[in-house]
Amino acid sequence: MAKILELPGLSGKTVVITGAARGQGYAEALVLLASGARVIATDLAETCPATLANAAAKLPGELHYAQLDVTSETEWAALAKFLKKEFTQVHGLVNNAGIPFRGRIGEIARADWDSVIAINLTGSMLGIQAIAPLMRKGASIVNIGSSAGLNAHHTVAYTASKWALRGLTHVTATEFGPRGIRTNIVHPGYIETPMTATAPAVMRDAQLALTPLERTGQPEEVAAVVAFLLSDGAAYVNGAEIPVDGGFTSSAGVKYMSDIIKASQQKK
Ligand SMILES: NC(=O)c1ccc[n+]([C@@H]2O[C@H](COP(=O)([O-])OP(=O)(O)OC[C@H]3O[C@@H](n4cnc5c(N)ncnc54)[C@H](O)[C@@H]3O)[C@@H](O)[C@H]2O)c1
């Protein structure tokens, strides 16, 4: 596990995170709690995972847990009602919940396409609709995209959902900018979480071969960037897309070509 960095200016701020039970959402909750924030961790399970509750007990921030399926408007409305009553306003929303579906165009069933779009895209839009009315000047929305949203990753529904999430991000940044609410999107590369633990080993190897830093990422490395975007340090950052991928998308596959050329030159 990478070091959890604490960020200034987040103490006492109320931040909602979706899909916070594990993986990157869990790491985002910890970095915010370490920074003294009030974290509203949400996920599908009815009760807060013991790992999260135990970790939170050692950190200065305040943890609340709520069961929330991001595709449910009713559950978003109930959460917004609770937040308004208890805390009046919300500083941050991290639309982190997401699912992969590793099917190609010829393989994906309509139901699987629909569920990926519902969770990865519609869930984020419903979250913004429900929580933005509780936000004031200085608030921040962070969507979790993917390097797949910047290229043609074969997982068609996942890739399409993350490209569309970029569109949602830019519309929200434009629409809410005049209210002083910022919206940005972070694009993780290959991060070691339960999601990637189910990916075929060859996929990990292929991504490593194309990543200039030549290693995978840790959830805490994504969480640190998310926390920065939530903080006042990012006060003038709105509508930005930030890859956290070891240079994978920046290199655009050219690392492969460069390595082959280097190897052939070394043989001479
Ligand atoms: N791990 C990576 O390499 C990687 C790369 C790029 C993007 N991402 C994105 O980062 C985000 C987090 O990924 P992760 O690797 O931590 O995944 P993960 O599978 O480890 O965790 C995802 C969490 O989302 C929750 N979730 C799933 N469906 C939900 C729903 N309908 N409502 C609420 N919660 C739901 C799960 O219960 C789980 O706790 C996702 O949006 C993912 O697409 C991950």
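Below, all heavy atoms of this structure are taken into account, side chains as well, without hydrogens, waters or symmetry copies. Order of listing sets the numbers, starting from 1, for every ligand and every atom in it.
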Notebook entry, point to check: With backbone taken as N, CA, C and O and side chain as the heavy atoms from C-beta onward, which portion of Tyr26 lies under 4.0 Å from ligand 1: side chain, backbone, both, or neither?
Noted result: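 Near ligand 1, Tyr26 shows nothing, with every heavy atom at 4.0 Å or more.
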Check: Side chain or backbone of Val222 under 4.0 Å from ligand 1, or both, or neither, by non-hydrogen atoms?
Finding: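 For Val222, there is no contact with ligand 1 at all, from either part.
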Item checked: His187 and Phe248 aromatic centres sub-6.0 Å ->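 When the ring centroids of His187 and Phe248 are compared, they turn out to be at least 6.0 Å apart.
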Check: If only atom types and distance count, is the side chain of Trp163 paired as donor or acceptor with the main-chain N or O of Asn151 below 3.5 Å?
Finding: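 The answer is yes, because a donor-acceptor pair under 3.5 Å joins these two groups.
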Notebook entry, point to check: Just by modelled atom types, is the Gln218 backbone N or O under 3.5 Å from a matching donor or acceptor in the Glu221 side chain?
Noted result: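 Between the backbone of Gln218 and the side chain of Glu221 there is a qualifying donor-acceptor contact (under 3.5 Å).
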Any N/O pair [X]/ligand 1 closer than 3.5 Å:
| X | answer |
| --- | --- |
| Gly189 | yes |
| Thr196 | no |
| Ile119 | no |
| Lys162 | yes |

Notebook entry, point to check: Would Thr18 count as a contact of ligand 1 if the rule is a heavy atom under 4.0 Å away?
Noted result: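 No, that is not the case, since the closest heavy atom of the residue is not under 4.0 Å from the ligand.
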Notebook entry, point to check: Where do Thr155 and Arg104 land on the side chain to side chain donor-acceptor pair (under 3.5 Å) test, with the steps shown first?
Noted result: CA-CA 5 Å; Thr155 55; Arg104 291 168 188 267; over 6 Å; no
Check: Counting heavy atoms only, which of Asn96, Thr193, Thr71 comes nearest to atom 12 (C) of ligand 1?
Finding: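 Looking at heavy atoms only, Asn96 sits closest to atom 12 (C) of ligand 1.
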